[in-house]
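These notes concern the structure reproduced below.
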Amino acid sequence: MKILAVNAGSSSLKFQMYEMPEETVLISGTFERIGIGGSFYTIKINGEKTKKEKEFKSHSEAVATLIDELISNKVIASLDEIKGVGHRLVHGGEKYAQSVIINDDVIKTVDELSELAPLHNPANLIGVRAFMEKVPNALEVGCFDTAFHQTMDEKEYLYPVPYEWYTKYGVRKYGFHGMSHNYIASRMKEILGGDYRIISCHIGNGASLCAIKDGKSIDTSMGFTPNAGLMMGSRSGDIDATLIPFIMNKTGESLDEVINDLNKKSGYLGVSGISSDSRDIEAAIEEGNEKAILAQKMYVERIVNYIAEYYLEMNGADAIVFTAGVGENSISTRKAIIDSLSSLNIFLDDERNNVRGKEQLISSDNSSVKVYVIPTDEEVMIARDTYNFINE
Ligand code: AMP
């Protein structure tokens, strides 16, 4: 059965088509710069990537071209073969603890939740509407970034602020990267042969940790928004909220400008003044750049602190997993993190750690906690949920 997994942004559209239940990727690609001029798309099929330039005024036009490509590449013979389209939706609020079949009610709710994710939910819905128009017979399924974390206890998700902020305005920790953490939970269940206590470290451009017990999220580092918790590529993570009005007074910046600074000019980029990309930070460290060295120490320390917190919260851990761009690829960042955990008898095997983008055990045999690199796969989670709805 052919299933599409889709991730729509305001000017982009990423897709992967799966043969299910085998989970074989038949074709994948990205449309970029939709509606803003200079648009193009890339398609990958049988390991071969091609890039084509074409103007797309809307996501609907991109979906029409996508369908043409599926047919001309003989991935499908007719539209009816696409049985389901699974969409990544960022914010499901408290309403969605699982993926859902998209209907008018769901669209209305996701639209209302745009207040909590103004950059993402409206863009995600543009994608949903485009596929509903162009592939009307497929089942549309919504898969939320927040859903996996709905199992957190209220003592974890509430902020110590006036309680009515929660009841009236929905102020609470939601958490994000849920599909990635859920993938790690399911893959680790296969590897370890049961549900264990996992600390999942999704560290990419955005970064969050998740404490997973019995396959469920019990705590996570992102919060009301994705700019909470860890220091990230260009996001500050946790700060003292009071520094916002202080900086507004000092610089004359507006609230929006300071929030933008915290999201786009902070983290690795803000401290180092070099880049938000850990590869550039690593290169600068090699050259002895002091700010890059400092940025890396701060970055690592925050991850270590959260690992320690979740270790205590779960009364120990069975596995620590590194995933996403930095987690899968940065040998030195993983080493710095694990070397800071020796007081918990957690040890790295340097030879095993010499790996990028590949599933591998990287802890030493005498480590009290197993440490793994597991490449994440959010798309397959979307395809699985979509397939399961159709099968039901
Ligand atoms: P993601 O958001 O998961 O796509 O991660 C993207 C980030 O991963 C980049 O901004 C880099 O910081 C990091 N990254 C990707 N490849 C490497 C690499 N080979 N070494 C170190 N960091 C990497």
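For ligands, and for the atoms within them, numbers begin at 1 and follow the listed sequence.
Distances below 4.0 Å separate heavy atoms of Glu282 from the following atoms of ligand 1: 21 (C). Taking a cut-off of under 4.0 Å to the non-hydrogen atoms of Gly204, the atoms of ligand 1 that pass are 1 (P), 2 (O), 3 (O), 5 (O). Atoms of ligand 1 lying under 4.0 Å from any heavy atom of Ala324, numbered from 1 in the order shown and given with element: 3 (O). Counting the atoms of ligand 1 from 1 in the order shown, those under 4.0 Å from a heavy atom of Ser278 are 11 (C), 12 (O), 13 (C), 21 (C), 22 (N), 23 (C). Taking every non-hydrogen atom of Val326 and a distance limit under 4.0 Å, the qualifying atoms of ligand 1 come out as 8 (O), 12 (O), 13 (C).
Between the side chains of Asn366 and Ser364, at least one donor-acceptor pair of N or O atoms lies under 3.5 Å. Under 3.5 Å, the side chains of Asn227 and Thr225 contain no donor-acceptor pair of N or O atoms. One side chain, Glu69 or Tyr41, offers a donor N or O that lies under 3.5 Å from an acceptor on the other.
For atom 11 (C) of ligand 1, the closest non-hydrogen atom on the protein side is Asp277 OD1, 3.2 Å. Among protein heavy atoms, the minimum distance from atom 18 (C) of ligand 1 is reached at Asn329 CB, 3.3 Å. Atom 6 (C) of ligand 1 has Asn205 N, 3.8 Å as its closest protein atom, hydrogens excluded (heavy atom only).
Of the possible polar contacts, none joining the Asn46 side chain to the Glu48 backbone as a donor-acceptor pair under 3.5 Å is found. Of the possible polar contacts, one joining the Arg352 side chain to the Ser363 backbone as a donor-acceptor pair under 3.5 Å is found.
Contact between Glu328 and ligand 1 is absent, with no heavy atom of the residue lying under 4.0 Å from the ligand.
There is no protein heavy atom closer than 4.0 angstrom to atom 4 (O) of ligand 1.
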Working note: Lys297 + Glu301, criterion salt bridge (Lys or Arg N to Asp or Glu O under 4.0 Å); need CA distance, chi angles, decisive distance, verdict.
CA-CA 6 Å; Lys297 281 186 186 158; Glu301 184 173 77; over 6 Å; no
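Scanning Arg356, Arg279, Arg334 for the heavy atom closest to atom 15 (C) of ligand 1 points to Arg279.
In plain terms, the two heavy atoms of Gly9 and Ala123 that are nearest each other are C-CB, 3.4 Å.
The ring of His91 has its center closer than 6.0 angstrom to the ring center of Phe176.
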